[in-house]
A.B. asks: 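Attaching a single structure in structure tokens format; questions to follow.
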Amino acid sequence: EGRAVGETEEVALAPIVTEAWESVETYEATLDISGFEEFDPVMADGSRLQEAFENLFKNAIVHAGEDVSMQVGVDDDGFYVADDGPGIPDDKRDVVFEYGHTGGDGTGLGLAIVRSIIEGHDWEISAAESKAGGARFDIDLGR
């Protein structure tokens, strides 16, 4: 119910993103991190936030392929994770966060866990289309 976090502290996002990427089997996938130089640290449970990024990365690799190109960046309201895969159809963008929903060979838990972690921080997550036509997950920090 959106309370899947422990104690929070001020954390910088770029190192958490990097650590998450390094802890996932990325095969031939690539990651571009941009815009965090001027991004203020956030109050977060760093280990749970890392888990959310890991699940987003794993999800992209499973659904977009082992050679997916990933981007993590900032925007006005927070940050995003995007890829160049096949994307998520409009009519599936809300249900992808439900426990048990899978678009293929997954368990249906990854994005539900991500949503739980994000909402546990009192943030919001939504699915959209990336500039490359793939999936994009926007995390609104409510700033």
Side-chain angles (χ1 to χ4, degrees), residues 2-90 92-99 101-143:
R3 301 290 166 235
V5 299
E7 293 295 316
T8 62
E9 63 183 349
E10 197 172 81
V11 297
L13 287 176
I16 290 173
V17 171
T18 301
E19 184 68 28
W21 183 256
E22 291 172 355
S23 68
V24 171
E25 177 60 62
T26 57
Y27 305 96
E28 299 299 316
T30 59
L31 175 66
D32 175 49
I33 303 172
S34 61
F36 287 99
E37 302 79 20
E38 303 295 321
F39 195 77
D40 292 332
V42 297
M43 291 300 294
D45 176 337
S47 65
R48 296 294 283 154
L49 191 54
Q50 179 178 327
E51 182 182 357
F53 281 112
E54 289 169 358
N55 281 333
L56 288 167
F57 296 150
K58 289 175 191 174
N59 188 71
I61 291 166
V62 166
H63 295 286
E66 295 178 357
D67 62 348
V68 65
S69 293
M70 303 284 308
Q71 302 82 38
V72 179
V74 299
D75 59 22
D76 293 338
D77 300 318
F79 58 93
Y80 64 87
V81 177
D83 66 52
D84 66 348
I88 302 168
D90 289 344
K92 300 289 187 203
R93 291 187 183 154
D94 289 329
V95 298
V96 295
F97 296 109
E98 294 177 5
Y99 280 97
H101 177 81
T102 181
D105 297 331
T107 63
L109 298 177
L111 292 179
I113 291 169
V114 170
R115 181 185 64 186
S116 180
I117 293 168
I118 297 304
E119 290 179 352
H121 285 91
D122 292 324
W123 303 336
E124 294 180 10
I125 186 167
S126 59
E129 183 175 327
S130 72
K131 289 180 182 176
R136 175 176 163 135
F137 296 94
D138 291 297
I139 293 85
D140 184 339
L141 302 178
R143 292 184 166 177

A.B. asks: Could you name each residue pair satisfying side-chain hydrogen bond (donor to acceptor under 3.5 Å, both in side chains) that touches residues 11-24, not counting sequence neighbours?
C.D. replies: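 For residues 11-24, and leaving out neighbouring residues, the side-chain hydrogen bond (donor to acceptor under 3.5 Å, both in side chains) pairs sorted by first residue read S23-E54.
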
A.B. asks: With L56, which of V114, V72, V17 fulfils side-chain contact (heavy atoms from CB on, under 4.5 Å)?
C.D. replies: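 Of the listed options, the one satisfying the test is V114.
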
A.B. asks: Holding to side-chain hydrogen bond (donor to acceptor under 3.5 Å, both in side chains), I want the full list of residues that pass it with T8, two or more places apart in sequence or in another chain.
C.D. replies: none

A.B. asks: Nearest 0.5 Å, please: how far is CD in Q50 from CG in N55?
C.D. replies: 11.0 Å

A.B. asks: For residues 24-39, dump all side-chain donor-acceptor pairs below 3.5 Å to protein atoms at least two apart in sequence or in another chain.
C.D. replies:
| unit_1 | atom_1 | unit_2 | atom_2 | d |
| --- | --- | --- | --- | --- |
| E25 | OE2 | Y27 | N | 3.4 |
| T30 | OG1 | S69 | OG | 3.3 |

A.B. asks: I want to check something: taking the side chain as every heavy atom from C-beta on, are I117 and E51 in contact at a cut-off of under 4.5 Å?
C.D. replies: yes

A.B. asks: Checking Y80 now: which residues fulfil ring pair (Phe, Tyr, Trp, His ring centres under 6.0 Å) with it, not counting sequence neighbours?
C.D. replies: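 By the ring pair (Phe, Tyr, Trp, His ring centres under 6.0 Å) rule, Y80 matches no residue at all.
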
A.B. asks: Can you name the residues that form a side-chain hydrogen bond (donor to acceptor under 3.5 Å, both in side chains) with Q71, not counting sequence neighbours?
C.D. replies: none

A.B. asks: Supply the atom-to-atom distance M43 CE to E7 CD, rounded to the nearest 0.5 angstrom.
C.D. replies: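 That separation rounds to 9.5 Å.
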
A.B. asks: State, with a plain yes or no, whether a side-chain heavy atom of V11 is found less than 4.5 Å away from one of D45.
C.D. replies: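 A side-chain contact under 4.5 Å is absent here.
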
A.B. asks: Side-chain donor-acceptor contacts of residues 131-142 below 3.5 Å, not counting sequence neighbours, with atom names and distances?
C.D. replies:
| unit_1 | atom_1 | unit_2 | atom_2 | d |
| --- | --- | --- | --- | --- |
| R136 | NE | D138 | OD1 | 2.7 |
| R136 | NE | D138 | OD2 | 3.4 |
| R136 | NH2 | D75 | OD2 | 3.1 |
| R136 | NH2 | D138 | OD1 | 2.9 |
| D140 | OD1 | G142 | N | 2.7 |

A.B. asks: With rounding to the nearest 0.5 angstrom, report the CZ to OG distance, R115 to S126.
C.D. replies: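 Nearest 0.5 Å value for the CZ-OG distance: 12.5 Å.
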
